[in-house]
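Below: one structure, written as structure tokens.
Both ligands and their constituent atoms are indexed starting at 1 by order of listing. In what follows, every heavy atom counts, from backbone to side chain, and hydrogens, waters and symmetry copies are set aside.
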Amino acid sequence: MSEIIVKGGFVIDPTRKIDGDVADVAIKDGKIVDKVSSGAKIIDAKGKIVMAGGVDVHAHVAGPKVNVGRLFRPEDKLFKSPMAQDGFRMESGFSVPSTFKTGYDYARMGYAFVMEAAMPPLFTAHVHEEIHDTPIIDEAALPVFGNNWFVMDYLKKGEIENTAAYIAWLIRVTKGFGIKVVNPGGTAAWAWGLNCLTLNDPVPYFEITPSEIITGLLKANEYLGLPHSMHIHQNDLGNPGNYQLTIDSLKLAEGVKPKNKFGREQVMHSTHIQFHSYGGDSWANFESKAKEVMDYVNKNKAITCDLGCVTLDETTTMTADGPFEHHLNSLNHLKWCNVDVEMETAAGVVPYVYDKNIKVCGIQWAIGLELGLYAKDPNRTFISTDHPNAGPFIRYPRVIKWLMSKKAREATLDTFKYKDKVIAATNIHSIDRELTLYEIAQMTRSGPAKCLGMSNIYGGLAPGMNADVGVFDLNYKNMPSDPEKIEQAFLRAAYFIKSGEIVVRDGDILGHGHKKTIWVNVKMPENPQVMRDITQSFTKDYTVGIDNYPVHDYLAPHPFVINVDVEA
Ligand SMILES: [Zn+2]
């Protein structure tokens, strides 16, 4: 493989506390190295900033519900896409882009890794097929566990070890990465037309509560010592007044100690926290509780979160929170699609327009940004849009612009029909903080890499790490007075080098990169009872045989396997 040297840029690397020093980054054989020979290819980064590849901890980019979104919304393809360059694939779709556009657009923004945030275990093959089809970016997927019948059955009886053994088996056979929890208990209750809207609502038949599911899965995660924390979408998403439930479920992480060999320091990752930081008791008095929620996150070091910023676009919502999508459909009366996945989970899809002329949408926009601006530790608070739920991922550069520029925030506020009402229901107008490039690098690089237990691979530019290097056309010493330049620079990288190969130049795709699927191989001594339960259930309940359930190696042909050995 060739050698590359990225010369003379302003390097921003929070993993080594480097903030804008002019330095070179040397690359050899796909890794960052100390130095290269004089024959190395030179990339001139003078006057530009240099960061590690971005790490997205939460997006919906592959699998059946994403594909339902594509089929269900042909109008999503009316947004203009660039013509295919020679040798590259056509790109289509806006809020639910094709797999090719997904890979290309993330690469254009300098992203190296993306986590598919909700994998239905039964449809794992589809998830891995789409991941395999997505060029350039490395990906992993989180199987969902919060409504799984085995999990609820074991946890009801307090059997943490059996829960852990089941999870280990399922992560192994699905080539998954960790434990995702979506509306714990609520999605299972949905099969009876019900939901769990408090932490103590019993799940029908299982007679277990969301609080017990969360606590049990936190313990199982640490029993196994997985690289990532338990990753949770809390109950009562999207409803006025839900912030207290959010804080109460974050409190369940208190006292749980991280136990892993990957350098992960937290035990709970609270996702798209914007949707969970709502005050008021109706849409009429809906208001921001971003400060209350972020005050708690700032204090409790056991927690990481991602923002889930509303970007004010027309988009397609999709989630394993089936009852929520039914509720959303009753609010906006657009299309609704719903599916139940046997004993595991469910999902729904509903289009949504975040309209600047609607007060609630403006307040949601403000809440997402307030959370980022109130964050005291950018290494525990990450940028996301819960793509495509609060907006498409190609808006990350716009979110960065808003977080870095009060002028940009005020310009957007000025376009709102109910500007005064949005200001009255939020704190956005009074917050002067503007995040620095260093803090943005923490929120998009070093922070998420560490929370995923992969800080030795992603999120930094130290020798030995993956050679994922972005060069962005911004001058560190002389930041533009025009915030639009910030968005432009992060939307189309001047260069992006992925695993040592130049894949983007001036926003154009140059190569398909060396894409990898990352999965966790949890090795645990055989648990005969759990294996008997699984085998019996496949014979009795599932529509597929157990032999047809595991995902085959050819669906993840370039894997990077993280081994986890669980002692007896
Ligand atoms: Zn999500």
* Asked: Does any pair with a residue in residues 174-189 pass side-chain hydrogen bond (donor to acceptor under 3.5 Å, both in side chains), and if so which ones, sequence neighbours excluded?
  -> Lys175-Asp553, Asn183-Asn195, Asn183-Asn235, Asn183-Asp321
* Asked: So does His272 have any N/O/S atom less than 2.8 Å away from the Zn ion (ligand 1)?
  -> no
* Asked: N/O/S atom of His233 under 2.8 Å from the Zn ion (ligand 1), yes or no?
  ->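 Within the cut-off used here (under 2.8 Å), His233 places no N, O or S atom near the Zn ion (ligand 1).
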Identify each donor-acceptor pair in which a side-chain atom of residues 107-126 lies under 3.5 Å from a protein atom, sequence neighbours left out, and give them as a table.
{"unit_1": "Arg108", "atom_1": "NE", "unit_2": "Gly507", "atom_2": "O", "d": "3.1"}
{"unit_1": "Arg108", "atom_1": "NH1", "unit_2": "Glu91", "atom_2": "OE1", "d": "2.9"}
{"unit_1": "Arg108", "atom_1": "NH1", "unit_2": "Asp105", "atom_2": "OD1", "d": "2.7"}
{"unit_1": "Arg108", "atom_1": "NH2", "unit_2": "Glu91", "atom_2": "OE2", "d": "2.9"}
{"unit_1": "Glu116", "atom_1": "OE1", "unit_2": "Val61", "atom_2": "N", "d": "2.7"}
{"unit_1": "Glu116", "atom_1": "OE1", "unit_2": "Ala62", "atom_2": "N", "d": "3.0"}
{"unit_1": "Glu116", "atom_1": "OE2", "unit_2": "Ala118", "atom_2": "N", "d": "3.0"}
{"unit_1": "Thr124", "atom_1": "OG1", "unit_2": "Pro121", "atom_2": "O", "d": "2.6"}
{"unit_1": "His126", "atom_1": "NE2", "unit_2": "Glu130", "atom_2": "OE2", "d": "2.7"}

* Asked: Looking at Asp386, which of its N, O or S atoms is the nearest one to the Zn ion (ligand 1)?
  -> OD1
* Among Arg70, Lys335, Arg73, the one residue meeting side-chain hydrogen bond (donor to acceptor under 3.5 Å, both in side chains) with Thr316 ->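 It is Arg73, the one option of Arg70, Lys335, Arg73 that forms the side-chain hydrogen bond (donor to acceptor under 3.5 Å, both in side chains) with Thr316.
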* Asked: Taking all atoms of both residues into account, what is the closest heavy-atom pair of Arg380 and Asn300, and its distance?
  ->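 Reported closest heavy-atom pair: NH1-O, 3.0 Å.
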